[in-house]
Amino acid sequence: MNQNTKKILKSVIAVALIFIALILIFSSFSSLEPQSKQMTLNDLATQISAGNVTNIVVQNNTITATLKDGSTATATKEPETGLIETLKNYGVTPDALAKVPFQIKEQSGFEFWMSLLLPTLIPVILIGVFFWLTFRQAKQGATQAFSFGKSNIKLFGAFKDRVTFADVAGLKEAKQELLEVVDFLRNPKKYLDLGAKIPRGVLLLGMPGTGKTLLARAVAGEAEVPFFHISASEFVEMFVGVGASRTRDAFATAKRAAPSILFIDEIDAIGRERGAGVGGGHDEREQTLNQILVEMDGFDKEAQVIVLAATNRPDILDPALLRPGRFDRRVVLDLPDINDREAILKIHSRNKPLAAAVDFRQIAVRTPGFSGAELENLVNEAAILAARNGQKEILQDDLYQSIEKVMLGPERRSRALSKHEREVTAYHEAGHALVIASVKHADPVHKISIIARGQAGGYTLKLPLEDTHLRTRKEFIADLAVAFGGYATEEIVFKDLTTGASNDLSVASDIARKMVVRYGMSEKMGPITFGKTQELVFLGKEISTEKNYSESTAVEIDHEVEHFVRRAYDTAKKVIQKNRKALDFIADTLLKKETIEKNEFDAIIKKFAIKPIEA
Ligand code: ADP
Ligand code: MG
Ligand code: ZN
């Protein structure tokens, strides 16, 4: 239910309550008169004459007589004539009248007006309330429609859960850099006195989930200056032409509060290179971007507003944004290393019950390449798993199982495989594992499984012993051979091929091509890179490649790629043929148990005395 519906519902309930209350009041008035029997004026006259009446109360046209026996009776007189006169007309003697005390009771003003107005008032009130509600709605709508040029910029203090640097694991350099920025704002004089220019913009760069937004929030928590926050996608909404005015408004707000920090999240939503869009670009976005540039240039030297921005697509950012005087400081957020991973896991399990035996180091060891967001997800999955099993605390095993879930997607045990398909899968994975164990420089086997997960029918996990930042030629060659492990096995064992190896093939082709054109790892082509590739190294993503070599070179490149691929394929084939017994044994074990863990696999390798060879 959204906010508005809630509000309306509340008003409706309020109106209904008022209505019920009014009805109650009204009905209590009508029941105020005591229950008494009716009599005619004639009867009353008779009773008075007989001396039976002890008291008479007159209210408006109603006469209430108290009789000797204590009972009361009411009569109604004609409105225009006085009571005494009327009674006299009915033959009551003045004597008899004098004996009876008369009370003339004025109806109280409130009662009078209530009885008069209530029946008409209720509908009027109801209609009034109805109109008021409608008008209020309409007014809201109107103000919304007229304020779309205003940014819905938020002051960060409003965030309920304050985040500080203590909640951010690792990212030491990034924190350092940002602390400096905060210090600029706190003590500008210190820096200005030394002739230092206050930085304008700081761009946080990093893959999704590396903690850019988190870090910005932590800066907000640490900064003792106002911190404004806006997501770039909010600049560009519904109406065309709003982006620029919203930008102006956001910057104006931040300037008014100076010294302050303005944080623009996901800036790539507007900061895309101008004119780069398909079909002539996106005018709205370009205008917004231009406005940002204008605003950033418009800060005078003393203006103490620092613009923080975050993006995971620095490659597509307009170069104008990166010019000095704009986002001239760039802070790169790397994927966490093993220590950071351990710290992140600890942070996110702070308020979860953990078994005493939980060792986050072991989890960190097995999660190279995981981002902070993935690690957070891992801990959460482990908690869900523990809850589903009815445990009171999270066990190490829950964490282990969650690694694969986060990495490869949930298990799909229900996927029905024919007997033959299961066999092919078991041999395919056994083939990968066997090649891993048989060539030097391949990361060790961590687990083999033929339970389908995500897209994969089965999987062989290999994990590096430690985080590495550089990859060697020998490792690539080993990886290539491993990739062909499944394919070669299918061919040798079943004399047939399946579509299950297609991903392996594309991975292999990709590695081989990069070795040739990018890393200069082919002896024949030499230490040259081919093709101008737009990418940022830390993102490891290729955006576009421009061909800057001749057709004949292209042919040579293809030959070299093929050479690497063939060599890997031959290695894989050789390994499988030589160790057929071990292969059969691993596949059999997989068919029986579905998964083989590292220890068990190591034992098998030992049993068959497999010695790794140079790939
Ligand atoms: P993005 O870089 O995509 O903006 P976020 O800042 O949204 O990533 O991070 C997603 C989540 O991952 C955060 O909410 C946080 O819980 C977790 N996370 C990422 N990096 C870290 C870190 N260094 N320390 C602690 N938690 C982290
Ligand atoms: Mg983010
Ligand atoms: Zn495979």
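Sequence positions, counted from 1, serve as the residue numbers for this chain. As the structure is a computational prediction, the values presented were derived from the model and not from experiment. Whatever order the structure lists ligands and atoms in, that order sets their numbers, starting from 1.
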- prompt: Would you call Asp265 and Lys212 a salt bridge, using N to O less than 4.0 angstrom?
  reply: no

- request: Please verify whether a non-hydrogen atom of Leu204 lies at under 4.0 Å from ligand 1.
  value: no

statement: Counting heavy atoms under 4.0 Å, the part of Glu376 that contacts ligand 1 is side chain

field: the Mg ion (ligand 2): protein N, O or S atoms [distance under 2.8 Å]
entry: Thr213 OG1

- prompt: Are the charged groups of Lys462 and Asp479 less than 4.0 angstrom apart, N to O?
  reply: yes

task: Output the distance between atom CG (Asp337) and atom CD (Glu342), rounded to the nearest 0.5 Å.
output: 10.5 Å

Per-atom contacts, ligand 1 versus Asp167 - under 4.0 Å to a heavy atom: 24 (N), 25 (C)

message: Closer than 4.0 angstrom, basic N to acidic O: yes or no for Asp167 and Arg350?
response: yes

- prompt: Closer than 4.0 angstrom: is that true for some heavy atom of Arg217 and an atom of ligand 1?
  reply: no

Ser260 (side chain) donor-acceptor with Ala254 (main chain) under 3.5 angstrom: yes

query: Taking heavy atoms and a distance under 4.0 Å, where does Asp340 meet ligand 1: side chain, backbone, both or neither?
result: neither

field: Atoms of ligand 1 close to Leu171 [distance to a heavy atom under 4.0 angstrom, numbered from 1]
entry: 23 (N)

task: Return a yes/no value for Val168: is any of its N or O atoms, backbone included, closer than 3.5 angstrom to an N or O of ligand 1?
output: no

- prompt: Identify the closest protein heavy atom to atom 7 (O) of ligand 1: which residue and atom is it, and at what distance?
  reply: Thr213 CB, 3.9 Å

- request: Decide whether the shortest distance between a heavy atom of Ala310 and an atom of ligand 1 is less than 4.0 Å.
  value: no

Salt bridge present between Lys405 and Glu411 (N-O < 4.0 angstrom): no

Top protein contact for atom 10 (C) of ligand 1, by heavy-atom distance: Ala373 CB, 3.8 Å

field: Per-atom contacts of ligand 1 with His348, taking only distances under 4.0 Å to non-hydrogen atoms
entry: 15 (C), 16 (O), 17 (C), 25 (C), 26 (N), 27 (C)

- prompt: Roughly, to 10 degrees, what angle do Asp504 atom OD2 and His428 atom NE2 form around the Zn ion (ligand 3)?
  reply: 100°

- prompt: Hey, which atoms in ligand 1 end up nearer than 4.0 Å to a heavy atom of Pro208?
  reply: 3 (O)

- prompt: How would you list, by chain and number, every residue that makes a side chain to side chain donor-acceptor pair (under 3.5 Å) with Arg366, sequence neighbours excluded?
  reply: His446

- prompt: Starting from atom 3 (O) of ligand 1, which protein heavy atom do you reach first, and at what distance in Å?
  reply: Gly209 N, 2.8 Å

message: Please confirm whether the ring centroid of Phe263 lies under 6.0 Å from the ring centroid of Phe228.
response: no

statement: Ranked by distance from atom 21 (C) of ligand 1, the top protein heavy atom is Leu214 CD2, 3.7 Å

message: Can you pull out every ring pair (Phe, Tyr, Trp, His ring centres under 6.0 Å) where at least one residue sits in residues 574-606? Sequence neighbours excluded, please.
response: Phe585-Phe608

N/O donor-acceptor pair under 3.5 Å between Arg326 side chain and Leu321 backbone: no

message: Given the ring of Phe476, does Arg471 sit roughly above its face, with NZ or CZ under 6.0 Å from the centre of the six-membered ring and within 45° of the axis?
response: yes

- prompt: Is it true that a side-chain atom of Asn579 and a backbone atom of Val575 form a donor plus acceptor pair closer than 3.5 Å?
  reply: yes

message: Which residue in the set Leu375, Asn377, Leu335, Ile344 passes side chain to side chain contact (heavy atoms under 4.5 Å, CB included) when paired with Phe370?
response: Leu375

- line: Quick note, salt bridge (Lys or Arg N to Asp or Glu O under 4.0 Å) partners involving residues 574-584, not counting sequence neighbours, are Arg580-Asp584

- prompt: Who's closest to atom 8 (O) of ligand 1 heavy-atom-wise, of Gly170, Ala169, Ala174, Gly211?
  reply: Gly211

